[in-house]
Amino acid sequence: YNVEDLVPGSVADAGLNAYGCVYVEVWIMNPNGTALSCVERWMDPSFANSLPSEELKAKALELNRFAPDCPPGAGLAGTIFNEADKKIVHWRQIKAMLNDPFVQRDSGQRMKRFYEIGLGLVGAVPFSFQDDNGLVCFFARSKVNVELLRSSMNERFMIGATDLIGANYAIRKNREECAAMRRELLRKAVQKVKKEFRKSKKATFTDLATNKSTLDLLATQREEALLLREEDMATRVKK
């Protein structure tokens, strides 16, 4: 398997198996704590295809294609990031957030566009692994069965899926560092082999030179033996 597929694979698995979920976003806080970046997204293809107009389908695909950074406390992700408790799934109604004067809008009006394409509920679970702090947002349709959506079984899965996503994201840096270390060890090993090969190559040339002298001596002796044999045969013929 490709290790780079661990993050998108775990995000897709979360979306496919969480009841009622049709869209997932993974947000990561930058090191200085000033902005959240959406590093991974997944949308159920059947959701976009089920929308009643080409305009809504285009909006859904655009939401899945790009998400601008947002500061903590602003926009959907930034607002929920400040509110969410890591022990539970934090649920918000998107329409209520749109009508809340204290919720700061994002520049791309993504919150409004979510509601326009029929997404009415979002459940968010924060995570923190090593130096990475983030948030996984699970979006559901406005008409979803809320009882099943918020069942303890479904929420346990969402929390566990978030842990897996967070761990897979956080380990990437360590994996890259380990891979870089292995590449450096391999580079040094190759250099050592090349060095040893150059040494052995010199020894081989020396041995070859010695062997050539010996072979030349043997060749000379053989030629002398052949001459003596020819002379002996010539003598016999004369007799």
Requested in this report: Mind checking the CG-CZ spacing from Leu76 to Arg92? Nearest 0.5 Å is all I need.
Outcome: 8.5 Å
Query raised in the report: Looking only at side chains, do Trp42 and Glu40 share a donor and an acceptor under 3.5 Å apart?
Result: no
**Report entry** Exercise: identify the closest heavy-atom pair between Ala35 and Met29
**Finding:** O-SD, 3.2 Å
Query - More than 12 heavy atoms of other groups within 6.0 Å of Gln93 CD - result: no
Requested in this report: Decide, yes or no, whether a salt bridge links Arg113 with Glu62 under the criterion of side-chain N to carboxylate O below 4.0 Å.
Outcome: no
Report summary line: In terms of heavy-atom contacts, Ser142 and Tyr115 come closest through OG-CE1, 4.5 Å
Query raised in the report: Would a hydrophobic clustering, with Ile, Leu, Val, Met, Phe, Trp and Tyr connected at side-chain separations under 4.5 Å, put Phe139 with Val39?
Result: no
Query raised in the report: Hey, are the side chains of Asn145 and Glu147 touching, using non-hydrogen atoms and a 4.5 Å cut-off?
Result: yes
**Report entry** Nearest heavy-atom neighbours spanning Ala18 and Phe138
**Finding:** CB-CD2, 4.3 Å
**Report entry** Value rounded to 0.5 Å, distance of CZ in Arg141 from CD1 in Ile117
**Finding:** 9.5 Å
Report task. Test side chain to side chain contact (heavy atoms under 4.5 Å, CB included) on Ile28 and Phe127 and set out the steps. Result -> CA-CA 9 Å; Ile28 299 293; Phe127 64 83; 3.4 Å; yes
Report summary line: Heavy-atom nearest pair, Ala170 first then Gln130, reads O-OE1, 4.2 Å
**Report entry** Atom pair CG (Leu63) and CE (Met43), whose distance is rounded to the nearest 0.5 Å
**Finding:** 6.0 Å
Query raised in the report: Are any of the side-chain heavy atoms of Leu148 and Asn154 separated by less than 4.5 Å?
Result: no
**Report entry** Heavy-atom pair with the smallest gap, counting every atom of Cys38 and Trp27
**Finding:** N-CE3, 3.4 Å
Report summary line: On a heavy-atom basis, the closest approach of Val122 and Ile94 is CG1-CG1, 4.4 Å
Query raised in the report: Going only through I, L, V, M, F, W and Y residues with side-chain contacts under 4.5 Å, is there a path from Ile80 to Val89?
Result: no
Report task. Give, for atom OG of Ser128 and atom CG of Leu135, the distance between the pair rounded to the nearest 0.5 Å. Result -> 12.0 Å
**Report entry** Linked, directly or transitively: Phe157 and Leu149 (ILVMFWY side chains, under 4.5 Å)
**Finding:** no
Query raised in the report: Is the Tyr23 to Phe47 ring centre distance short of 6.0 Å?
Result: no
**Report entry** Validation row: Asp163, Phe129 side chains within 4.5 angstrom (heavy atoms)
**Finding:** yes
Report task. Starting at OG1 of Thr79, measure out to CG of Asp100 and round the result to the nearest 0.5 Å. Result -> 8.5 Å
Query raised in the report: Honestly curious: do Phe114 and Val125 fall in one hydrophobic cluster under the side-chain, below-4.5 Å linking rule?
Result: no
Query raised in the report: Taking atom NZ of Lys59 and atom NZ of Lys57, what is their separation to the nearest 0.5 Å?
Result: 15.0 Å
Query raised in the report: Tell me, do Leu121 and Arg150 make a side-chain contact under 4.5 Å, heavy atoms counted?
Result: no
Query raised in the report: Is it the case that more than 12 heavy atoms not belonging to Glu184 sit under 6.0 Å from its CD atom?
Result: yes
**Report entry** Contact check, side chains of Ser10 and Tyr169, non-hydrogen atoms, under 4.5 Å
**Finding:** no
Query raised in the report: Going hydrophobic residue to hydrophobic residue with side-chain gaps under 4.5 angstrom, can you get from Met111 over to Val24?
Result: no
Requested in this report: Find out whether Pro68 and Arg110 are in side-chain contact, i.e. whether some heavy atom of one side chain is under 4.5 Å from a heavy atom of the other.
Outcome: yes
Query raised in the report: Would a 4.5 Å heavy-atom cut-off, applied to side chains only, mark Glu155 and Ile88 as touching?
Result: no
Query raised in the report: Is the count of non-hydrogen atoms from other residues, nucleotides or ligands lying under 6.0 Å from Asn82 atom CG greater than 12?
Result: yes
